[in-house]
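In listed order, ligands and their atoms are each counted from 1.
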Amino acid sequence: MSDVSDTKLETFLAQAGSRWDEATGAVSMPVYRSSTFRHPGLGKSTGFDYSRTANPTRSVVEETLAWAEGGGDARASAFSSGLAAIDAVARLFGPGDRMVVTEDLYGGTFRLFEKLHKPYGLETVYVDTTDLGAVENALAHPRVRAVFLEVPSNPLLNVSDVRTIAGLAASRGALTIVDNTFLTFCRQRPMELGADLVIYSATKYLGGHDDLLGGVVISRRPELAEEIAFYQNAAGAILSPDEAWLLLRGLKTLPLRLAKQEANARVLAEWLAAHPRVSRTYYPGLPDHPGNGIFRDQASGDGGAMVAFEVADAARVPDILSGVRVFMFAESLGGVASLITFPSVQTHADIDPETRDRLGISNRLLRLSIGIEDAEDLRQDLERVLQ
Ligand code: PLP
């Protein structure tokens, strides 16, 4: 752990890994591309034996993320993707256990629960977790072991009340799990609101450059963190040393990137909300966004850097996607370059059409991941394709 762990987040992240290598003083954490490690003698270890279990480059990124999310008591395990991290969390539960899940959810998470875990007996019930009554009803079931929240949700940016839900879950002996991918610990701290486990797709803001896939699970509860680390080693879907290094590099600029991305997103969200060819804009920072009050209460900043909107005329969608010149038509989010996504056929294709329609993931909904470009370039790009 860096000896700047008593500093502000920006300072700590800027120097992540910079003080680890005592032998050479390298300020950039080396990539330990070694699968195994020599033992000094029988029964002796350097602390590293085999890279599936622990690798120095991965350990530094895990320690950095643990501290950034939860402080000195937290422990993190880094995985090969966000879904590998979520899979590890789902393995905490057994046949007959039930999980209450945000219904407006990343499609890959839905597919993981339904196609891979349901056949082994995990029960999932999808509810509108912005509706506390619905959460309470779902929690009344005797076998509920956890509530899984995506806050804000993907793609509609609904904001669930983590504090109240964590309280309700705890009173029933259930865990609260929060996918914090969209806001990161720079803007939202689910553990301080009562969450037991925090999950990330590190592919997104934490990495920030669309050049790695990764996932993280963080907990302050030693027994849960231990179980996740056990699963990480036993199943082996670990973050590679090279990707750990890229992630560490990305984390150094996360606060800066997010600030600029969010400032751009705010400008674009306000502009889209007033645009005659846009029928609805989703952005947690807009006063009329249904989750704006809870967002103000449990997060910081202006609303994050994700914006979704509905075009008034669905027939325009293909031309918008092929016409953009600054935005790129691609799935994923959180990188320095702005992306435009069509959730109903890309990220959320695995959710059945009726559910998608009911939730509002329609054929007129587009999702923007706002990057660090010039805001006016981004605005003009959208203006051109909307006209
Ligand atoms: N969680 C959220 C909110 C996501 O948006 C995604 C991917 O888009 C994931 C998890 C899955 O992460 P990965 O693609 O790194 O497996």
Side-chain angles (χ1 to χ4, degrees), residues 61 65 69 76-90 99 101-117 124 126 129 148-160 162 177-185 187-188 190 195 197-218 232 235 237-240 243-244 246-247 250-251 258 261 282 284 291 299 304-308 328-335 339-351 359 361 365-370:
V61 94
L65 287 163
E69 184 70 47
S77 296
F79 291 86
S80 55
S81 71
L83 281 181
I86 297 170
D87 181 56
V89 168
M99 193 151 68
V101 185
T102 300
E103 63 177 358
D104 162 29
L105 179 78
Y106 169 55
T109 308
F110 174 81
R111 182 179 58 207
L112 173 74
F113 293 156
E114 294 309 295
K115 297 274 166 44
L116 295 191
H117 286 278
T124 38
Y126 297 90
T129 49
F148 185 103
L149 304 171
E150 221 177 67
V151 199
S153 63
N154 184 357
L156 296 171
L157 305 167
N158 290 320
V159 188
S160 302
V162 179
I177 304 159
V178 176
D179 184 332
N180 203 27
T181 298
F182 274 26
L183 287 177
T184 81
F185 42 77
R187 294 286 181 275
Q188 179 170 261
L197 290 148
V198 176
I199 291 175
Y200 283 98
S201 166
T203 314
K204 318 297 188 212
Y205 291 96
L206 303 186
H209 296 76
D210 297 316
D211 53 10
L212 69 90
L213 256 89
V216 196
V217 182
I218 308 160
Q232 179 198 35
I238 47 139
L239 189 69
S240 75
E243 289 184 281
L246 280 172
L247 178 52
L251 284 170
L258 191 56
Q261 287 172 273
Y282 301 82
M306 298 298 297
V307 181
M328 289 181 279
F329 172 33
E331 34 197 295
S332 202
L333 58 111
L339 303 181
I340 185 165
T341 304
F342 189 28
S344 62
V345 301
Q346 291 183 292
T347 49
H348 291 69
D350 281 288
I351 296 179
L359 298 178
I361 307 171
L365 182 79
L366 294 170
R367 190 191 76 188
L368 303 175
S369 168
I370 306 299

Check: To the nearest 0.5 Å, what is the distance between CG (L105) and NE2 (H348)?
Finding: 7.0 Å
Margin query: Looking only at protein heavy atoms, which one is nearest to atom 11 (C) of ligand 1, and what is the separation?
Written below: Y106 CE2, 3.5 Å
Note to self: Would the distance check show the side chain of T341 and the main-chain N or O of A330 forming a donor-acceptor pair, the cut-off being under 3.5 Å?
What the structure shows: yes
Note to self: As an exercise, state the distance from CG of L247 to OH of Y200, rounded to the nearest 0.5 Å.
What the structure shows: 11.5 Å
Check: With atoms numbered from 1 as shown, which atoms in ligand 1 lie under 4.0 angstrom from a non-hydrogen atom of G82?
Finding: 12 (O), 13 (P), 15 (O), 16 (O)
Check: Does any N or O atom in T109 lie less than 3.5 angstrom from one in ligand 1, N or O only?
Finding: no
Notebook entry, point to check: Has the side chain of Q232 got a donor or acceptor atom that lies under 3.5 Å from a matching backbone atom of I238?
Noted result: no
Item checked: Which residue and heavy atom of the protein sit nearest atom 15 (O) of ligand 1, plus the separation -> T203 OG1, 2.6 Å
Item checked: Region of K204 engaging ligand 1 - heavy atom pairs below 4.0 Å -> side chain
Notebook entry, point to check: If you look at every heavy atom in Q261 and A305, which pair is closest and at what distance?
Noted result: CB-CB, 3.5 Å
Notebook entry, point to check: What is the distance from atom OG of S201 to atom CG of N154, rounded to the nearest 0.5 Å?
Noted result: 10.0 Å
Next item on the list: Consider every N or O of S201 and every N or O of ligand 1, then say whether any pair is closer than 3.5 Å.
Entry: yes
Next item on the list: Decide whether the shortest distance between a heavy atom of A202 and an atom of ligand 1 is less than 4.0 Å.
Entry: no
Next item on the list: Can you sort out which atoms of ligand 1 are near N154, meaning under 4.0 Å from one of its heavy atoms?
Entry: 5 (O)
Next item on the list: State, yes or no, whether a side-chain contact exists between N180 and E69 at a heavy-atom distance under 4.5 Å.
Entry: yes
Next item on the list: Would you mind running through ligand 1 and noting each atom that sits below 4.0 Å from a heavy atom of D179?
Entry: 1 (N), 2 (C), 3 (C), 10 (C)
Next item on the list: Give yes if a backbone or side-chain nitrogen or oxygen of L333 is under 3.5 Å from a nitrogen or oxygen of ligand 1, and no if not.
Entry: no
Note to self: Side chain, backbone, both or neither: which applies to L83 and ligand 1 if a contact is any heavy-atom pair less than 4.0 Å apart?
What the structure shows: both
Margin query: As an exercise, identify every atom of ligand 1 less than 4.0 angstrom from a heavy atom of G214.
Written below: 15 (O)
Notebook entry, point to check: Parallel under 30°, tilted from 30 to 60°, perpendicular over 60°: which one fits the rings of Y126 and F110?
Noted result: tilted
